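Below is one structure, written out as structure tokens, with a few remarks after it.
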Amino acid sequence: MTRDEILEAAAGIIREKGFHATSMQDIAAAVDLRKASLYHHVSSKQEILVDLLDKALDLLILNMQAVVEPDIPADEKLRQAIRSYLNILTENPGLTSVLLLEHRSLEDEYRQRHVPRRDAYEKFWTEILQQGVDQGLFDCREPKMAVKAILGIANWTIMWFNPDGRLSSDQISDVSADLILNGLFKRGNGI
């Protein structure tokens, strides 16, 4: 039994039952361990939660680094960032659920570990928006607030996304990017 297998099982159970309703016994049973044996791999449910949050953010940060490194216009970077983010969210439903819904369950000690990593991820988005402002592409007075709005749109997608639905994750990313970049105003009518 590996730690990654334990974390994967825990993510699935937490997604289904919620963090507070998930017990260490549930996690142990899911990986065919006795509860006492589980404690040889992890010290607490809080440790599992912060490790899952770290795992999710590490994946997001790694993918975002590949988006921000190329020297391309900010609008293209934003499109790629949205696509990368939505693909990770939809391909990793257990991790995604934990990341978006359970971070509030962290105790202070673990929250202090989690928040800087979360902030580092959001900084990538802020830098893309600021690049767009600097390039004269974006009119964005509050980049940090805009990042929260963009991520809010993407985050809510997991609540209604259907992998067998009419639109793929990439297509939803394109629709979201168009909405964010172009807004709802019809062009050519004096706007």
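As the structure is a prediction and not an experimental result, all values here were calculated from the model.
Applying the side-chain contact (heavy atoms from CB on, under 4.5 Å) test to Val175 and every residue at least two apart in sequence or in another chain returns nothing. In this view, Asn92 and Leu59, Ile88, Leu95, Thr96 satisfy the side-chain contact (heavy atoms from CB on, under 4.5 Å) rule, not counting sequence neighbours. Checked against side-chain contact (heavy atoms from CB on, under 4.5 Å), Gln65 has the following partners two or more places apart in sequence or in another chain: Ile61, Leu62, Glu69, Phe124. Legend: residues meeting side-chain contact (heavy atoms from CB on, under 4.5 Å) with Leu167, ordered by chain and number and at least two apart, are Gln171, Ile172.
A side-chain N or O of Gln130 and one of Asp134 form a donor-acceptor pair less than 3.5 Å apart. Between Asn63 and Tyr85, the side chains place no donor N or O within less than 3.5 Å of an acceptor N or O (distance only, hydrogens not considered).
How far NZ of Lys123 is from NZ of Lys144: 9.0 Å, rounded to the nearest 0.5 Å.
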Without placing hydrogens or testing angles, list every side-chain donor-acceptor pair under 3.5 Å for residues 47-57, not counting sequence neighbours.
from  : atom 1 : to     : atom 2 : distance (Å)
Glu47 : OE1    : Ser43  : N      : 3.1
Glu47 : OE1    : Ser43  : OG     : 2.3
Glu47 : OE2    : Arg3   : NH1    : 3.3
Glu47 : OE2    : Arg3   : NH2    : 2.4
Asp51 : OD1    : Arg113 : NH2    : 2.9
Asp51 : OD2    : Arg3   : NE     : 3.4
Asp51 : OD2    : Arg3   : NH2    : 2.2
Asp54 : OD1    : Arg117 : NH1    : 2.7
Asp54 : OD2    : Arg113 : NE     : 3.0
Asp54 : OD2    : Arg113 : NH2    : 2.4
Asp54 : OD2    : Arg117 : NH1    : 3.1

Under 3.5 Å donor-acceptor pairs involving side-chain atoms of residues 15-27, not counting sequence neighbours:
from  : atom 1 : to     : atom 2 : distance (Å)
Lys17 : NZ     : Asp26  : OD2    : 2.8
His20 : NE2    : Ser105 : OG     : 3.2
Thr22 : OG1    : Gly18  : O      : 2.7
Ser23 : OG     : Gln25  : N      : 3.3
Ser23 : OG     : Asp26  : N      : 2.9
Ser23 : OG     : Asp26  : OD1    : 3.4
Ser23 : OG     : Asp26  : OD2    : 3.2
Asp26 : OD2    : Ser23  : N      : 2.9

Under the side chain to side chain contact (heavy atoms under 4.5 Å, CB included) rule, what do Leu100 and Trp156 come out as? Steps first, then yes or no, please. CA-CA 9 Å; Leu100 300 180; Trp156 194 253; over 6 Å; no
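Other residues, nucleotides and ligands contribute more than 12 heavy atoms inside 6.0 Å of the CE atom of Met1.
Nearest heavy atoms, Ser176 versus Ile153: OG-CG2, 4.2 Å. When all heavy atoms of Tyr110 and Ser44 are compared, the closest pair comes out as OH-OG, 3.8 Å. Minimum heavy-atom separation, Ser169 to Thr90: OG-OG1, 3.3 Å. The two atoms that bring Leu99 and His103 nearest to each other are O-CD2, 3.2 Å, heavy atoms only. Shortest non-hydrogen contact noted between Cys140 and Leu129 is SG-CD1, 4.4 Å.
Linking Ile, Leu, Val, Met, Phe, Trp and Tyr residues whenever their side-chain heavy atoms come within less than 4.5 Å places Trp160 and Ile82 in a single cluster. By the criterion of side-chain heavy atoms lying less than 4.5 angstrom apart, applied directly or through intervening Ile, Leu, Val, Met, Phe, Trp or Tyr residues, Met64 is not grouped with Ile72; the two fall into different hydrophobic clusters. Taken together through direct or relayed side-chain contacts under 4.5 Å among Ile, Leu, Val, Met, Phe, Trp and Tyr, Phe138 and Phe185 form parts of separate hydrophobic clusters.
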